[in-house]
Amino acid sequence: MNRNALLRLTVGSKCLKWVTEVSILYPVGIKEKRDFGNITEVSLHKKNEKLQVLYLLHGNEGNYSSWIRNTRLALFAQKYPGLLIVMPTIKEFQSFRVNEPDVSDYYGYISQELPNYIQKIFPVSEVREDTFIAGILLAPKR
């Protein structure tokens, strides 16, 4: 049976200049032992197989948990056992600028810092075609 572990990470970011949170749906399987009904979780992907990764960005009013609380994402994820789903918190949309002094660099965080961090701790593919990004409207409030 395909299942996903929901992980919540607290990550210090140089690009954002603060500590932020990330939710991750990590594919696991359930293997049931017949003796005494114990249940053991095991990884679904093969030892040398790399996972594809989907970065899901929330809208203006959300945070790292919005996709889990407000959608059927967990059911979707069960259909794709080779997919790691990463949901970072993005705030202060008015600062969604690149390389400005004294401003958080969201582009650098989403395009480089977070993917590099994820690649270090999870077995994700480094092939460009195995990385996806999607989200809800990220326009600043006016």
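Only heavy atoms go into these numbers, but all of them, side chains included; no hydrogens, no water, no symmetry mates.
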Nearest 0.5 Å, please: how far is [atom2] in [Y] from [atom1] in [X]?
X    : Y    : atom1 : atom2 : answer
L83  : F76  : CG    : CZ    : 6.5 Å
S23  : W67  : OG    : CH2   : 12.5 Å
L57  : M87  : CG    : CE    : 11.0 Å
L73  : L25  : CG    : CG    : 5.0 Å
Y80  : Q52  : OH    : CD    : 10.5 Å
E113 : Y117 : CD    : OH    : 10.5 Å

Does the side-chain contact (heavy atoms from CB on, under 4.5 Å) test come out yes or no for Y109 and T20, once each step is laid out? CA-CA 11 Å; Y109 175 67; T20 187; 3.3 Å; yes

Just wondering, do L54 and I133 contact through their side chains at under 4.5 Å, heavy atoms? no

What I'd like to find out is whether the side chain of V22 reaches to under 4.5 Å of the side chain of L114, using heavy atoms alone. yes

Sequence neighbours left out, what passes side chain to side chain contact (heavy atoms under 4.5 Å, CB included) with S111? Give chain and number order. Y107

Who are the side chain to side chain contact (heavy atoms under 4.5 Å, CB included) partners of T131, not counting sequence neighbours? V53, Y55

Give me the atom names and distance for the closest heavy-atom approach of G108 to C15. C-SG, 3.8 Å

Minimal non-hydrogen separation, A74 against N4, with atom names: O-ND2, 4.1 Å

Report the C-alpha separation of V19 and V11 in whole Å, then their side-chain angles, then the decisive distance to 0.1 Å, and conclude whether the side-chain contact (heavy atoms from CB on, under 4.5 Å) test is met. CA-CA 5 Å; V19 173; V11 179; over 6 Å; no

Please walk me through it: do I24 and L9 pass side-chain contact (heavy atoms from CB on, under 4.5 Å)? CA-CA 8 Å; I24 295 174; L9 305 178; 3.5 Å; yes

Ring pair (Phe, Tyr, Trp, His ring centres under 6.0 Å) involving F132 - partner list, sequence neighbours excluded: none

Donor-acceptor pairs are to be reported for all side-chain atoms of residues 118-127 against protein atoms at under 3.5 Å, with residues two or more places apart or in another chain.
{"from": "S125", "atom 1": "OG", "to": "V127", "atom 2": "N", "distance (Å)": "3.0"}
{"from": "S125", "atom 1": "OG", "to": "D130", "atom 2": "OD2", "distance (Å)": "2.8"}

